[in-house]
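Worksheet: the structure to be examined is printed underneath.
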Amino acid sequence: MTVLFYTTFTDKKIWIKEIKKQFKNIKIITIREKKYFNKVEFAIVWDLPDKILKQLSNLKIIFSQGAGVDHILNLPSYNNTPIVRLQDPIMAERMANYVLSQILNYQLHLSKYLKSQQKKIWLDDLETLTPIDNHKLTIGILGVGFLGNYVAKFLKKINYNVIGFKKNKTLKKFNYKIYTGYNINKFIYSSDIIVSILPSTKYTINFINKNFLSKMKKNSLLINVGRGVTINEKDLINHLNKNKNFFASLDVFNKEPLNTSSKLWSHPNVTITPHIASITVVKSAIAQMYSRYIQYKKTGKIKSDVNLNNGY
Ligand code: GLV
């Protein structure tokens, strides 16, 4: 039994230590140990190069180090090996905290105060800077899967109006209004703030484009904590330039790290963070992987967490 570990995460050493601790007595290899490639049954990965995947002829399960699985599905050699993805309530809480921080930053005009502090200006303009109350703001959650639904419920608890959008009709019960399919326009028109938690699939690339943005309110905030490719960044920059009360908080980008030449970096209405909205919780992630591994050992079966038709 051999496990391959490959990651581009910067906390790699912490991962190795924890994998060794939880996957006791199991051989853990890195991509340098080529001679064991044909023994690898499990791979714990983030951004595994395709040329490595190609060589893992005995692979039974791929564990994603994050909630997203696009880094696996996009590999040309990926051939339906079952994928275990993370569904971690602590990651969901991290994401909800991040989203709330960006909503509050916008709602309470915090960046304006920060800028005026830097200039030692006492900015007490109550006419324009009095915050809008939570119950008067409708937050539209674009993508209400495991993470999106958690964020929606979290925001609803603190009095925001919450609505959600889902591509397909569903029997699942939500305790907030859900728009589906062609009702996307109603969803956009009704939202004061839109939080995108869309995965990267063939349906979501450039989903937030010129047309989408033109339907959003002029005084509004767009938060993206899903995947960068779901936004057409050129269209977003144009939209920001034309609408001085339109803001964006972006944690994910078309290309990461964001190129220093991107106009987004210096736009006064844009907040940028480096893909940290929902950092994986190492210990619980590996515990989830280990329990799925044990289940597989007992039953010889594993059900993939990914629906290939949906692409996530
Ligand atoms: C982060 O983007 C993740 O997929 O967990």
Side-chain angles (χ1 to χ4, degrees), residues 5-12 14-15 18-19 43-49 53 61-75 78 81-102 141-152 154 167 194-208 222-231 233 248-258 264 271-292 304-308 310-312:
F5 175 58
Y6 178 87
T7 191
T8 53
F9 285 12
T10 49
D11 56 352
K12 194 187 204 137
I14 300 174
W15 276 86
E18 193 60 37
I19 293 172
I44 300 175
V45 299
W46 188 262
D47 274 346
L48 181 72
L53 180 64
I61 306 176
I62 305 177
F63 297 98
S64 169
Q65 272 185 285
V69 291
D70 45 321
H71 63 108
I72 301 168
L73 301 184
N74 289 341
L75 295 173
Y78 173 70
T81 305
I83 295 176
V84 170
R85 63 133 40 100
L86 297 177
Q87 293 210 347
D88 187 337
I90 308 177
M91 280 173 84
E93 183 184 271
R94 286 180 173 183
M95 182 160 274
N97 281 339
Y98 178 93
V99 168
L100 179 61
S101 76
Q102 299 310 303
I141 310 288
L142 191 54
V144 284
F146 176 75
L147 293 170
N149 188 35
Y150 185 101
V151 173
F154 179 89
K167 181 165 68 72
I194 290 183
V195 180
S196 176
I197 312 187
L198 291 176
S200 161
T201 72
K202 61 178 187 235
Y203 305 106
T204 62
I205 291 180
N206 282 333
F207 192 82
I208 303 175
L222 170 68
I223 301 173
N224 190 10
V225 287
R227 281 293 181 262
V229 292
T230 62
I231 293 188
E233 286 177 359
S249 288
L250 308 171
D251 185 54
V252 286
F253 301 88
N254 287 187
K255 205 170 167 302
E256 296 173 11
L258 181 63
L264 291 169
T271 301
I272 287 176
T273 48
H275 203 142
I276 47 74
S278 173
I279 295 172
T280 305
V281 185
V282 181
K283 208 180 171 96
S284 71
I286 297 167
Q288 279 184 48
M289 294 170 187
Y290 188 70
S291 94
R292 295 291 290 276
S304 185
D305 293 336
V306 175
N307 176 329
L308 293 177
N310 288 339
Y312 61 90

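Along the sequence shown, the residues carry numbers beginning at 1. All ligand and atom numbering here is 1-based and tracks the order in the structure.
- The Gly68 neighbourhood of ligand 1 comprises atoms 3 (C), 4 (O), 5 (O), with distances under 4.0 Å to a heavy atom of that residue.
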(request) Apply the test side chain to side chain donor-acceptor pair (under 3.5 Å) to residues Thr273 and Tyr98: give CA-CA distance (whole Å), side-chain angles for both, the deciding distance (0.1 Å), then the verdict. (result) CA-CA 10 Å; Thr273 48; Tyr98 178 93; 2.6 Å; yes

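- Near Arg227, the atoms of ligand 1 lying under 4.0 angstrom from a non-hydrogen atom of the residue are 1 (C), 2 (O), 3 (C), 4 (O).
- Here's the thing with His275: one of its N/O atoms is less than 3.5 angstrom from an N/O atom of ligand 1.
- Residue Val306 forms a side-chain contact (heavy atoms from CB on, under 4.5 Å) with just one option from Ile72, Val69, Val84, and that option is Val69.
- Below 4.0 Å from some heavy atom of Met91 lie the following atoms of ligand 1, by number and element: 5 (O).
- Not one N or O on the side chain of Glu18 forms a donor-acceptor pair closer than 3.5 Å with the backbone of Ile286.
- Listed for the Asn310 side chain is no donor-acceptor partner under 3.5 Å among the backbone atoms of Tyr312.
- Minimum heavy-atom separation, Arg94 to Ile279: NH1-O, 2.8 Å.
- Of the N or O atoms in Ala67, one or more lie within a sub-3.5 Å distance of an N or O in ligand 1.
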